[in-house]
2 protein chains.
Amino acid sequence: MSQRNTAVTDQFTDDCPLREVLALIGDKWSAQVLVELGEGPRRFTQLERAIEGISRRMLTVSLRNLERNGLVTRTVYPDSPPSVEYATTALVEEIREPLEALSAWARHAGPAILEARRAYDDRC
Amino acid sequence: MSQRNTAVTDQFTDDCPLREVLALIGDKWSAQVLVELGEGPRRFTQLERAIEGISRRMLTVSLRNLERNGLVTRTVYPDSPPSVEYATTALVEEIREPLEALSAWARHAGPAILEARRAYDDRC
DNA sequence: CAGGATCCTGTGTGATACTG
DNA sequence: CAGTATCACACAGGATCCTG
């Protein structure tokens, strides 16, 4: 009861900043949520359909964490049926570039990594 | 026995490249290992001392994963006592910049994130 | 539509002890 | 020094059912 949301570490006093970032978006889904929201504001079900394989529960959890850390805003429109819109905050804009650099690297380095993996597995 | 090392996903066919990167270095220690090795080649015990809180086991596991994915090389010098040197590969050079950008962001955005967290926790 | 509440499982991680 | 082996556990994540 009321145990706080600990899906993400509560501390931000780590000495390794990189680990702090990973504590924020390093889980299985948060990064993808941010990517999708980067295209523009989305509703819950839109996100659910866009992100292949995510469960309702994990989408909720991820969004809550992102919201709690100020990376995503949640806007409720009191319609019926209910309508909720999620969007990224300015904070996220500042990491869009490095994040896309990592994506690009993944695409470009993918083959080399697979090759390294094969080589390693062969030797062992 | 001989079940392959699955601390990191075996697939690199994911549709979200960002998630692939996180599958490589998104765990608790790998990023810090890379950061430390970024300073130059290190020996096992050097890493163990430099990375606060890491256990021998997790250092081994992380290094093995990084090695398997071609991000780190392992060189054994047949001395007595044994001596092993770890170093990053060229692959890692290409993500040093975006990684450092994320670190910088963590330092700079840290206060805002803490503030957002406080605000969120207050409301709930 | 947009969740919340439960239950359950895999695995990532840590503590400890042992070895070439 | 640089690991391996074993146990033990918390927790992220999935499945399912329920609600305003």
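Order of the sequence lines sets the chain letters (A, B, ...), proteins ahead of strands, with each chain counted from 1.
- With a 4.5 Å cut-off on side-chain heavy atoms, B:F44 and B:E85 do not count as touching.
- Atom CD in B:Q32 sits about 14 Å away from atom C1' in C:dT13, given to the nearest Å.
- Checking the phosphate oxygens (OP1, OP2) of C:dG4, no side-chain nitrogen or oxygen of A:R56 falls inside 4.0 Å.
- Across all strands shown, A:Y86 has heavy atoms under 4.0 Å from sugar-phosphate atoms exclusively, and none from any base.
- A:E67 places its CD atom 13 Å from the C1' atom of C:dG3, with the value rounded to the nearest Å.
- Residues A:L22 and B:I95 fall into different hydrophobic clusters, defined by Ile, Leu, Val, Met, Phe, Trp and Tyr side chains chained together at heavy-atom separations under 4.5 Å.
- The residue among A:G53 and B:E85 whose nearest nucleotide of DNA chain D is located toward the 5' end is B:E85.
- Atom pair A:F44:CZ and C:dA2:C1' shows a separation of 6 Å (rounding to whole Å applied).
- The side chain of A:R74 has C:dA2 as its nearest neighbour among C:dA2, C:dG14, C:dC1.
- Residue A:M58 has its side chain nearest to D:dG13 when only D:dA2, D:dG20, D:dG13 are considered.
- Between the P atom of D:dG13 and the CH2 atom of A:W29 lies a distance of 9 Å, rounded to the nearest Å.
- Across the protein-nucleic acid pair, B:R64 atom CZ and C:dG12 atom P stand 17 Å apart, rounded to whole Å.
- The nearest whole Å value for the distance from the CG atom in B:D27 to the P atom in C:dG14 is 10 Å.
- Atom CG of B:L63 is separated from atom P of D:dC1 by 16 Å (rounded to the nearest Å).
- From A:N69, atom CG reaches atom CZ of A:R64 across 13.0 Å, with rounding to the nearest 0.5 Å.
- In this structure, B:E48 atom CD and C:dG14 atom P are separated by 13 Å, rounded to whole Å.
- Taking the side chain of A:K28 as heavy atoms from C-beta on, and the options D:dG3, C:dG14, D:dG13, the nearest nucleotide is D:dG13.
- The closest side-chain donor-acceptor pair between A:S30 and A:D27 falls under 3.5 angstrom.
- A donor-acceptor contact under 3.5 Å is formed by the side chain of A:R57 with the base of D:dG13.
- Between A:Y77 and A:V84 there is no side-chain heavy-atom pair separated by less than 4.5 Å.
- Neither OP1 nor OP2 of C:dG3 sits under 4.0 Å from any side-chain N or O of A:T60.
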